[in-house]
Colleague: 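Below you will find the structure I want to go over with you.
Just so you know, residue 1 is the first one in the sequence shown, and it goes up from there. Nothing here was measured: the structure is a model prediction, and the numbers come from that model.
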Amino acid sequence: MGRELAWVCAILPREYATRVKRLCTHANRGIGLSEKVFAFPLHISLKKSFMTDSFPEVREALTDYFRKRGPFEIEVGHLIRHEGMLWLEVVPAGGLLQVHDEIDALLESRFGIPRHRFDRHFEPHISLFTDRDPRKIDDMYEAIVDEFEPQRVTVRRIVVGAERERDTFLEL
């Protein structure tokens, strides 16, 4: 099998994600930012992508964890400009922090996968756009900033994947 890059993400509820995508793609008609982020369901990375030699076992351990864990709530916040990107902030609190910490502990203790700097200073977010042209990022920010107010949503879907494997979607 060999060493491969793996990931674990929380998928946003479909109705919320559809609203965000529709808003962003409509505003983007006159701006021209890449919309590649919308090819995959909108998500929050629950752990920095990591390398593993044993993805099937990692997938099984994470699947077991989430089946026992069940759904959890998150609070999606305001639109933020961050180093050439536009994010929707996700408040790092409650169930989300617990899930993040438990995933880190599970992967480190059972598979020797270390905590990445991203994981030690967890900044959960939902990426919307990236671009090297700060003017485009500023234009998009101004076009949609007033559309986002803090909102609680329930995560009921998780994806666990690796570069040479099909993504595994779990319903919680």
Colleague: Which pairs of donor and acceptor atoms, one on a side chain in residues 80-89, lie under 3.5 Å apart (sequence neighbours left out)?
Modeller:
{"from": "R81", "atom 1": "NH1", "to": "D138", "atom 2": "OD1", "distance (Å)": "3.1"}
{"from": "W87", "atom 1": "NE1", "to": "H125", "atom 2": "NE2", "distance (Å)": "3.4"}
{"from": "E89", "atom 1": "OE2", "to": "H78", "atom 2": "N", "distance (Å)": "3.1"}

Colleague: If you measure from the Lys or Arg side-chain nitrogens to the Asp or Glu carboxylate oxygens, is any gap between E57 and R110 under 4.0 Å?
Modeller: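 Judged by the 4.0 Å cut-off on N to carboxylate O distance, E57 and R110 do not form a salt bridge.
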
Colleague: Tell me every residue that passes ring-ring contact (aromatic ring centres under 6.0 Å, His included) with F129, counting only those two or more places apart in sequence or in another chain.
Modeller: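 For F129, the residues satisfying ring-ring contact (aromatic ring centres under 6.0 Å, His included) (neighbours in sequence not counted) are F38.
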
Colleague: Are side-chain heavy atoms of L79 and L128 found at a separation under 4.5 Å?
Modeller: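 They are in side-chain contact.
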
Colleague: Quick test of your reading of the model: are K48 and D119 salt-bridged, counting only N-O distances below 4.0 Å?
Modeller: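 No.
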
Colleague: Between R156 and E171, is the salt bridge (Lys or Arg N to Asp or Glu O under 4.0 Å) condition met? List the steps.
Modeller: CA-CA 6 Å; R156 298 183 187 283; E171 299 293 329; over 6 Å; no

Colleague: Answer whether the closest heavy-atom distance between the side chains of R69 and V99 falls below 4.5 Å.
Modeller: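 Yes. Closest side-chain heavy atoms under 4.5 Å.
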
Colleague: Do the side chain of E73 and the main chain of T154 share a donor and acceptor less than 3.5 angstrom apart?
Modeller: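 No, because the side chain of E73 does not come within donor-acceptor range (under 3.5 Å) of the backbone of T154.
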
Colleague: Without swapping roles, check the side chain of E4 against the backbone of R164 for a donor-acceptor pair under 3.5 Å.
Modeller: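 Side chain of E4 to backbone of R164, a donor-acceptor pair under 3.5 Å: yes, one is there.
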
Colleague: Within the 4.5 Å heavy-atom criterion, are L5 and F50 side-chain neighbours or not?
Modeller: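 Answer no - side chains too far apart.
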
Colleague: May I have the step-by-step check of side chain to side chain contact (heavy atoms under 4.5 Å, CB included) for C24 and I144, ending in yes or no?
Modeller: CA-CA 7 Å; C24 289; I144 64 176; 4.0 Å; yes

Colleague: Has R120 got a side-chain atom pairing as donor or acceptor with R115's backbone, closer than 3.5 angstrom?
Modeller: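 At least one qualifying donor-acceptor pair exists.
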
Colleague: So, do E108 and I113 sit near enough that their side-chain heavy atoms are less than 4.5 Å apart?
Modeller: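 Side-chain contact under 4.5 Å: no.
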
Colleague: Within a 6.0 Å radius of atom CZ on R22, are there more than 12 heavy atoms belonging to other residues, nucleotides or ligands?
Modeller: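 Open.
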
Colleague: Got a sec, which pairs hit side-chain hydrogen bond (donor to acceptor under 3.5 Å, both in side chains) with one end in residues 31-40, sequence neighbours left out?
Modeller: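 side-chain hydrogen bond (donor to acceptor under 3.5 Å, both in side chains) check on residues 31-40 returns N28-E35.
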
Colleague: Pair V20, L12 - check side chain to side chain contact (heavy atoms under 4.5 Å, CB included), show working.
Modeller: CA-CA 10 Å; V20 169; L12 293 176; 5.9 Å; no

Colleague: Counting C-beta onward and ignoring hydrogens, is there a side-chain heavy-atom pair between V160 and F169 closer than 4.5 Å?
Modeller: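 Answer no - side chains too far apart.
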
Colleague: Determine, step by step, whether I158 and L46 satisfy the side chain to side chain contact (heavy atoms under 4.5 Å, CB included) criterion, reporting the C-alpha distance in whole Å, the side-chain angles of both residues, the deciding distance to 0.1 Å, and the verdict.
Modeller: CA-CA 9 Å; I158 300 293; L46 296 175; 4.1 Å; yes

Colleague: For the pair K47 and D104, evaluate side chain to side chain contact (heavy atoms under 4.5 Å, CB included) and give the outcome as yes or no after the intermediate values.
Modeller: CA-CA 7 Å; K47 165 131 185 84; D104 259 352; 3.0 Å; yes

Colleague: Do the two ring centres, one from H121 and one from F118, sit under 6.0 Å apart?
Modeller: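 No.
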
Colleague: For a quick check under 3.5 Å, do Y16 and Q151 share a side-chain donor-acceptor pair by atom type?
Modeller: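 Distance-only check fails for Y16 and Q151.
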
